[in-house]
2 protein chains.
Amino acid sequence: MVAGPTSTGPGKERLRLWIRLLRASRTIEAELRERLKKEFDTTLPRFDVMAALYRVPEGMLMSDLSRFLLVSNGNVTGIVDRLVSEGLVTRARRNGDRRTSMVRLTEEGSKAFARIAAVHEGWVGELLGGVSEEEAKRLTGMLKSFRSNWEGRE
Amino acid sequence: MVAGPTSTGPGKERLRLWIRLLRASRTIEAELRERLKKEFDTTLPRFDVMAALYRVPEGMLMSDLSRFLLVSNGNVTGIVDRLVSEGLVTRARRNGDRRTSMVRLTEEGSKAFARIAAVHEGWVGELLGGVSEEEAKRLTGMLKSFRSNWEGRE
DNA sequence: GCCAATTATTTCAAGCTTAAAGTTTTATAA
DNA sequence: TTATAAAACTTTAAGCTTGAAATAATTGGC
């Protein structure tokens with residue numbers, strides 16, 4: 001996915017765009033992952049899960065997390081397992097439906113996330129420093145529009 | 001990385017942009033991965049390595065591959081191992097420097113890649129269908145410019 | 001109530017990924 | 001020379017990721 005187009009033709013510009021998009025996100029992602037590890041001894045997937053939970057104090061179901069984060073169910077199970085063993089989140093069985101469990105940040109988890117998120121936002125600002133806030137808004141809009149065009153089919 | 005900003009302020013738009021960028025590439029990547037598996041029984045990392053090699057008939061060193069694909073050395077070792085065992089690439093020890101080995105697509109690998117790449121380009125065209133070729137060009141330019149601003153430091 | 005289908009989640013096997021440590025070969029320089 | 005460092009690569013351990021199979025609980029039709 002990271003190599004160049006192998007042909008010319010109508011889809012060429014879109015293929016170029018896709019390759020750029022992928023290289024950009026991989027490069028930034030790698031940098032953020034490394035910093036999270038070095039500065040906070042955590043990982044991107046753990047950060048993602050905590051970020052998702054931080055917005056929703058009442059908690060989320062495993063399947064909500066999975067859908068929201070765009071990763072598989074089994075994947076979330078493992079990450080939450082590790083976060084639980086680190087005391088950062090809890091899994092609470094529900095009376096209503098005993099198949100499900102509500103996942104919540106603990107007090108400690110919430111504090112830890114807030115601390116990391118503040119620094120993280122600064123990193124993103126730095127790494128995307130070449131884009132003005134104005135440009136960022138435009139780019140965001142374009143990404144939003146193309147996404148809605150096909151996502152969530154079937 | 002996939003949740004929303006947790007604060008307002010100067011970096012807010014860049015954070016939004018980063019989240020959009022990441023969600024877009026993850027969504028497309030997931031779709032492509034699934035199709036590669038279903039239609040060609042292969043994986044994205046294998047496809048990436050083959051795409052890199054396809055451009056360079058004389059072959060690449062392991063370290064070239066690693067740098068080009070933005071992944072670690074050890075990672076490439078594993079993927080190339082599997083491609084070798086499938087008969088799609090070869091590792092040729094070099095006389096000049098016996099630490100290195102030249103990795104090349106086999107005849108079979110080259111044919112297989114060409115076949116997959118043609119379909120793959122169509123998929124990308126479809127998935128990015130909401131972006132006109134003109135827009136694609138503009139977006140690509142913007143992504144290129146921000147990338148050059150910080151990548152390749154130290 | 002009972003059984004089949006559905007839903008929520010976990011488990012599993014295979015593969016991907018990284019960082020760090022180890023191996024082999026080449027280059028440097030006293 | 002001949003140690004010493006540097007370079008290219010592999011190995012390893014831990015964790016991430018998926019898709020598929022397994023488990024457990026709920027729902028719906030009869």
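Each chain gets a letter, A, B and so on, in the order its sequence line appears, and its residues count up from 1.
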Show me, pair by pair, the donor-acceptor contacts under 3.5 angstrom made by side chains of residues 83-92 of chain B, not counting sequence neighbours?
{"unit_1": "B/Ser85", "atom_1": "OG", "unit_2": "B/Arg82", "atom_2": "O", "d": "2.9"}
{"unit_1": "B/Glu86", "atom_1": "OE2", "unit_2": "B/Arg46", "atom_2": "NE", "d": "3.2"}
{"unit_1": "B/Glu86", "atom_1": "OE2", "unit_2": "B/Arg46", "atom_2": "NH2", "d": "2.9"}
{"unit_1": "B/Arg91", "atom_1": "NH2", "unit_2": "B/Asp81", "atom_2": "OD1", "d": "2.1"}

- With B/Arg115 via side chain to side chain contact (heavy atoms under 4.5 Å, CB included) - residues at least two apart: B/Phe40
- Message: According to side chain to side chain contact (heavy atoms under 4.5 Å, CB included), who are the partners of A/Ser132, at least two apart in sequence or on a separate chain?
- Response: A/Glu134, A/Glu135
- In whole Å, what is the span from the CG atom of B/Asp41 to the C1' atom of D/dG19? 13 Å
- Note on the structure: Comparing A/Lys38 with B/Ile79, nearest DNA chain C nucleotide closer to 5' gives the residue B/Ile79
- Would you indicate, yes or no, if D/dT26 has its OP1 or OP2 atom less than 4.0 angstrom from a side-chain nitrogen or oxygen of A/Arg98? yes
- Separation of C/dT18 atom P from A/Leu32 atom CG, nearest Å, is 14 Å
Can you pull every protein N or O that's under 3.5 Å from an N or O on nucleotides 8-14 of chain C?
{"unit_1": "C/dT9", "atom_1": "OP1", "unit_2": "A/Ser101", "atom_2": "N", "d": "3.3"}
{"unit_1": "C/dT9", "atom_1": "OP2", "unit_2": "A/Ser63", "atom_2": "N", "d": "2.7"}
{"unit_1": "C/dT9", "atom_1": "OP2", "unit_2": "A/Ser63", "atom_2": "OG", "d": "2.5"}
{"unit_1": "C/dT10", "atom_1": "OP1", "unit_2": "A/Arg91", "atom_2": "NH1", "d": "2.9"}
{"unit_1": "C/dT10", "atom_1": "OP2", "unit_2": "A/Thr77", "atom_2": "OG1", "d": "2.9"}

- Could you list the residues that satisfy salt bridge (Lys or Arg N to Asp or Glu O under 4.0 Å) with B/Glu39, not counting sequence neighbours? none
- Item | Side chains of A/Leu65 and A/Val71 in contact at under 4.5 Å (non-hydrogen atoms) | no
- Using whole Å, report how far CD of A/Glu86 lies from P of D/dA14. 15 Å
- Starting at CZ of B/Arg33 and ending at C1' of C/dT17, how long is that distance when rounded to a whole Å? 13 Å
- What is the distance, rounded to the nearest whole Å, between atom CG of B/Leu65 and atom P of C/dT17? 13 Å
- Item | Contacts of B/Thr100 that satisfy side-chain hydrogen bond (donor to acceptor under 3.5 Å, both in side chains) - sequence neighbours left out | B/Arg94
- Item | d(CZ, B/Arg94; P, C/dT26) in whole Å | 10 Å
- May I have the distance from B/Met60 (atom CE) to D/dA8 (atom P), rounded to whole angstrom? 14 Å
